[in-house]
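In this chain, residues are counted from 1 in sequence order.
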Amino acid sequence: MTNAPTRHGRPAIAAAAASVTLALALTGCGSSHKDTGAGPKASTPPPTSRPNANYSPAPALPKGKAGTPKGGLPKDVDAKDATAVAQAIAVANRTYDTDLDASPADAQRRTVQWLSDTLAKNVTEAQSLSQPDAAWRTMAAHHGYTTVTAKRAYDDQQPDTATEAFRQFEVTVTTLGRDDWKGPTDTWVQWIHLTRTSSEQPWKADTMRVAK
């Protein structure tokens, strides 16, 4: 004789069936997504574009021609006078002549006689890598040049010693053309630090700053 199921037996059978169904469902999901246990993998970045094998950096501008700019250069500079040396540098630095100079760097090279060995080397070897700006191109179209004046500007600078001096100048640059064109006039402040090894040696600039 078969016993009828108790009221407690039916839920137990149903629970067992549900467990089997859930296990089969999980097994089915696992068959389509295999778990390697390695965790999520980082996505591989897309390849970058291949550099152009024919690319080469822009060549440096050639240095300018030798000669004296039309605006003139400081003469008879007393190398043992810190003010005279600094003023000569401030003037020569911005005395351009587009008939001689390929870029403003050529004017700076004309100051090397008043610079320390390290600064002179840096200035001599410097070559412009960018084309002159619109102002320079306009000046060149008129065969232009500059005339420069430098007036001593005083501030709370340190007092001179036998081997160290600071000078500051207000530098006015006027742009002119050989065809009677007149360009802008600009004013700059030039700060120069000079040194020498003894009071018997000439002053040389080793640091400079410019502000407009």
Side-chain angles (χ1 to χ4, degrees), residues 60-129 132 135-136 139-140 143-176 178 183-212:
L61 290 178
K63 294 180 181 180
K65 305 172 186 176
T68 301
K70 185 171 175 60
L73 291 172
K75 296 180 180 179
D76 302 322
V77 178
D78 183 356
K80 293 186 178 180
D81 182 336
T83 301
V85 172
Q87 186 173 29
I89 294 169
V91 170
N93 251 339
R94 294 192 175 275
T95 301
Y96 309 139
D97 188 335
T98 59
D99 279 7
L100 297 176
D101 304 333
S103 74
D106 291 313
Q108 295 166 9
R109 278 188 279 272
R110 288 191 281 265
T111 69
V112 295
Q113 59 186 306
W114 302 301
L115 306 182
S116 68
D117 291 345
T118 299
L119 187 55
K121 183 176 184 293
N122 291 340
V123 168
T124 300
E125 295 178 354
Q127 287 185 275
S128 295
L129 298 178
W136 182 274
M139 183 169 59
H143 296 276
Y145 59 96
T146 60
T147 59
V148 184
T149 59
K151 181 176 70 173
R152 182 83 181 270
Y154 294 88
D155 59 7
D156 297 329
Q157 63 192 25
Q158 299 180 37
D160 292 352
T161 69
T163 58
E164 185 177 41
F166 300 84
R167 293 292 183 271
Q168 184 169 288
F169 289 90
E170 184 180 277
V171 183
T172 301
V173 183
T174 301
T175 308
L176 301 168
R178 287 175 169 84
T185 296
D186 293 314
T187 300
W188 305 77
V189 174
Q190 176 90 54
W191 180 92
I192 301 173
H193 177 236
L194 306 103
T195 60
R196 59 183 179 179
T197 55
S198 74
S199 59
E200 301 302 315
Q201 297 299 313
W203 288 103
K204 301 281 186 177
D206 69 351
T207 308
M208 295 185 285
R209 291 201 307 266
V210 178
K212 190 169 183 180

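- Y96 pairs with exactly one of T146, D106, T175, T147 by the side-chain contact (heavy atoms from CB on, under 4.5 Å) rule, that one being T146.
- Distance check, rounded to the nearest 0.5 Å: CD1 of I192 to OG1 of T111 gives 9.0 Å.
- Rounding to the nearest 0.5 Å places CZ of R109 at 10.5 Å from CD of E125.
- When every heavy atom of G71 is checked against every heavy atom of Y145, the shortest pair comes out as N-CD1, 4.0 Å.
- Taking 4.5 Å as the limit, every side-chain heavy atom of L115 sits out of range of all side-chain heavy atoms of K204.
- The closest side-chain heavy-atom distance from K70 to L176 is not below 4.5 Å.
- When side chains are defined from C-beta on, T195 counts as touching H193, because their heavy atoms get closer than 4.5 Å.
- When all heavy atoms are compared, the tightest approach of A107 to T95 is CB-O, 3.5 Å.
- Counting heavy atoms from C-beta outward, T172 and T185 have side chains that approach closer than 4.5 Å.
- Between atom OH of residue Y154 and atom CD of residue Q168 there is a gap of 11.0 Å, rounded to the nearest 0.5 Å.
- Between T98 and W136 there is a side-chain heavy-atom pair separated by less than 4.5 Å.
- D101 and R110 are joined by a salt bridge, as a carboxylate oxygen and a charged side-chain nitrogen come within less than 4.0 angstrom of each other.
- Minimum heavy-atom separation, A162 to W203: O-CH2, 3.8 Å.
- Using a 4.5 Å cut-off on side-chain heavy atoms (C-beta onward), K121 and T124 make no contact.
- Judged purely by atom type and a 3.5 angstrom limit, Q108 has no side-chain atom pairing as donor or acceptor with the backbone of V123.
- Among all heavy-atom pairs drawn from A82 and R167, the shortest one is CB-NH2, 3.8 Å.
- The existence of a salt bridge linking D186 and R94 is excluded, since no basic side-chain nitrogen approaches an acidic carboxylate oxygen closer than 4.0 Å.
- Counting only heavy atoms from C-beta outward, the side chains of F169 and T83 approach each other to under 4.5 Å.
- The minimum heavy-atom distance linking A102 with P132 is given by the pair O-CG, 3.6 Å.
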Exercise for review: Show the numbers, then the answer: is there a side chain to side chain contact (heavy atoms under 4.5 Å, CB included) between R178 and D97?
Suggested key: CA-CA 10 Å; R178 287 175 169 84; D97 188 335; 2.8 Å; yes
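- Under the 3.5 Å distance criterion, the side-chain polar atoms of R196 are matched with a main-chain donor or acceptor of Q201.
- Nearest heavy-atom pair across A153 and E170 is CB-N, 4.0 Å.
- Tested against V91, the residues V77, V148, V171 include a single side-chain contact (heavy atoms from CB on, under 4.5 Å) partner, V148.
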